[in-house]
Amino acid sequence: MIRNIVIGVLAIGVIGLSVFAYNSNKEKENFLTSVENNYQRAFHELTYHMDLLHDHIGTSLAMNSKDSLSPQFVEIWKVTSEAKGNVSQLPLDLVPVHDTEQFLHEVGNFTYETSIRDLDDDPLNKEEIQTLEDLYEQSAEVKDNLRKMQHVTLNDGLKWVEIDQLLADGSEEEHEIIDGFKAVDEHIAKFSEQKNPLLQSVKNEENKYGLLKEKKESKESIEKKVRQLFSIEEDQPLTVTKSEQDASIQTYSFTSELDDLYMYVEMTENGGYPLSLLIDRDVNDATISLYDGQIKAEKFLEDFDFETMDLYETQQFQDVGLYKFVHVQDDVRIFPDTVSVKVALDDGEIIGLQAYDYVRNHHDRNIEKPKLSKKEAEKKIHENIQIEEDNLAIVENDRGDEILAYEFIGTMNNDTYRVFIDAKTGAEEKIEKLSNKEMNFDMMG
C-alpha cells in the first residue's frame, strides 16, 4: 500500500515537472518567436523602403520644375527616415550596417536641404544632378543586394535569432544574413571613399559615442559588474558573446536562463555602460506603487553612473512601470540623451533598459542663451492649451540638428500635449499628444 502511494506521488511529481518544463520551454519559444518576427518585419520593410527610395530618386531625375521636384525630394527624405528606423531595429551589434546608416543619412540630408530652397531662383546645378545620378546608381546596388538576401532568407528559412546563437556558441560558421549585410556595407564604403562632396552629414559625429573614449574593461570585470547589479549568483552560468570587430560599438552580451527566467544584457567594452537589458519572466500582481518603481529606476541609473537624469514620462502596463529619463545640463533637458527603464511592480526588479541614445549622444554641450523669452515663446502655443509645465530643452529637428527650444506641457479638452518652440526663431519644432498615463505631474513631488 505504502509502495503504491510512493509510486503515485512520484508519478504526480514527474508529471508536474514535465508540465513545468513544457510551459517554460513554451514561454521561451514564444519569446524567441516574438524577437524573430520583429527582426523579420524590420528587414522586409527595409527592403521595401530601399525599392521606394530607388524609384523616387529615378523619378526626380526626370523632373524639371520646382512644383514637382520639391515634393519629390520631401518624399525621398521621408523614405530615408523610415529606412533608418528599420535599420535601427535590426541587431546592430551582430549585423554590420554602419555605412548603410551613414548612406541613408546623407541621402536624407541632401534631399532635405534641396527641398527647402527656392528651385525656381536656384535650380539644380550640374554637380547636384550628378549627385542624384550617383545616389540612383548606389541605391540600385543596395536594393538589388537586399532583394537577393530577402530571396535567400525566404527560400532557406533563415532566422535572425540563429546569428545570436552562433556567436553565443563561439561558432565561426558563416551565416548568409551577416555575409549579405557585409557585402552591402562594403559596397557602400567603397562608394563613400569617392563620394560626392555635396553629400555631407549635418550631424556633428565628432561628439558621438564620447562615453566610449573611457578605458576598456575586461570581460571578467564587466561580468562581475553584471552579477553584482543583477544579483546573479556565481554558480549561475552566464553565456558571454563579444561583438564583431567591425561593429560600431564594441560590446559584451550576457545571457542567462534559470527555470522560468530568461535574461539578456548588453554592455559596452569601454566604460562598462549598459546598452540594453531584457528580463523575460512572469510578473505577479503589483505590490509597490508606480512612484516606488520610479525610485527603483532612479537608483538603478545612479548605480550605472548615468549623469543627472530627470524623469519626463511614465506609463504603467498592467503590473509593469515604464520610466523615461532625460539628461539635464545647466537646467536644460537634453532630449538626445534619453534612457528608458522598465520595473516589475511585484517586487521592484529592473526588467528592461534601453540606453543606446544616451551612450551614443552624451557629451558636454555649449548651450547658448535663448533669444526669445519664455513669454514670447508662450505666444506661439495654441491659446486653448493650458500650460502646466515648462522647461528649456535641447532637441533634434527634422534635419538632425540639435537646437535649443522651450518645452511646454499643457492640456486642452482633457488631452495633454508636449510642444517644443525654437528658442531662437519661435518656430513650432515638434508637438506630441500624450496619453494620461504619460503625465507625471503628481510624481514630481
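As the structure is a computational prediction, the values presented were derived from the model and not from experiment. Values below: every heavy atom of this structure, side chains too, minus hydrogens, waters and symmetry copies.
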So, taking the atom named [atom1] in [X] and the one named [atom2] in [Y], what distance separates them when rounded to the nearest 0.5 Å?
| X | Y | atom1 | atom2 | value |
| --- | --- | --- | --- | --- |
| His54 | His56 | NE2 | NE2 | 12.5 Å |
| Met309 | Arg333 | CE | CZ | 11.0 Å |
| Asp346 | Asp282 | CG | CG | 9.5 Å |
| Asp51 | Asp144 | CG | CG | 8.5 Å |
| Arg418 | Glu313 | CZ | CD | 4.5 Å |
| Ile351 | Leu278 | CD1 | CG | 8.5 Å |

Please check if any side-chain donor atom of [X] sits under 3.5 Å from a side-chain acceptor atom of [Y], or the reverse.
| X | Y | value |
| --- | --- | --- |
| Tyr264 | Ser276 | no |
| Tyr356 | Glu266 | yes |
| Ser256 | Gln236 | yes |
| Asp134 | Thr131 | no |
| Gln315 | Lys324 | no |
| Asn391 | Glu389 | yes |
| Gln40 | His44 | yes |

Query - Verdict with supporting geometry, Phe335 and Phe420, ring-ring contact (aromatic ring centres under 6.0 Å, His included) - result: CA-CA 11 Å; Phe335 275 88; Phe420 292 101; 5.2 Å; yes
Report task. Begin with the C-alpha distance, continue with both residues' side-chain angles, and end with the deciding distance and a verdict on side-chain hydrogen bond (donor to acceptor under 3.5 Å, both in side chains) for Lys216 and Gln250. Result -> CA-CA 10 Å; Lys216 286 185 179 181; Gln250 292 299 306; over 6 Å; no
I need the minimum non-hydrogen distance between [X] and [Y], along with the two atoms involved.
| X | Y | result |
| --- | --- | --- |
| Leu301 | Val339 | CD2-CG1, 3.8 Å |
| Gly272 | Lys225 | O-NZ, 3.4 Å |
| Val226 | Met263 | CG1-CE, 4.4 Å |
| Leu404 | Lys369 | CD2-C, 4.1 Å |

Query - Among Val320, Asn284, Thr287, Leu290, side chain to side chain contact (heavy atoms under 4.5 Å, CB included) partner for Leu345 - result: Leu290
Query raised in the report: Among Asp55, Leu135, Leu52, Val107, which one satisfies side chain to side chain contact (heavy atoms under 4.5 Å, CB included) with Ile76?
Result: Val107
Main-chain N/O of [Y] paired with [X] side-chain donor or acceptor, under 3.5 Å:
| X | Y | result |
| --- | --- | --- |
| Asn413 | Asp415 | no |
| Asn145 | Glu141 | yes |
| Ser218 | Ser221 | yes |

Requested in this report: Please report the C-alpha distance between Tyr358 and Thr338 in whole Å, then the side-chain angles of each, then the deciding distance to 0.1 Å, and finally whether the side-chain contact (heavy atoms from CB on, under 4.5 Å) criterion is met.
Outcome: CA-CA 5 Å; Tyr358 180 94; Thr338 55; over 6 Å; no
Query raised in the report: Can you find a pair of side-chain heavy atoms, one from Tyr252 and one from Glu217, that are under 4.5 Å apart?
Result: no
Query raised in the report: Does any non-hydrogen side-chain atom of Arg147 lie less than 4.5 Å from one of Thr47?
Result: yes
Query raised in the report: Taking the six-membered ring of Tyr406, is the NZ or CZ of Lys374 close enough (under 6.0 Å from the centre) and on axis enough (within 45°)?
Result: no
**Report entry** Aromatic ring proximity, centroids under 6.0 angstrom, Phe306 and Phe300
**Finding:** no
Report task. Could you walk me through whether Met412 and Tyr417 pass side-chain contact (heavy atoms from CB on, under 4.5 Å), step by step? Result -> CA-CA 8 Å; Met412 181 175 67; Tyr417 298 87; 4.1 Å; yes
Query - Heavy atoms of other groups near Lys296 NZ, more than 12 under 6.0 Å - result: no
Query raised in the report: If you count the non-hydrogen atoms of other residues, nucleotides and ligands that lie under 6.0 Å from CZ in Phe304, is the total more than 12?
Result: yes
Report task. Determine, step by step, whether Glu223 and Lys219 satisfy the salt bridge (Lys or Arg N to Asp or Glu O under 4.0 Å) criterion, reporting the C-alpha distance in whole Å, the side-chain angles of both residues, the deciding distance to 0.1 Å, and the verdict. Result -> CA-CA 6 Å; Glu223 179 175 342; Lys219 181 184 75 172; 5.7 Å; no
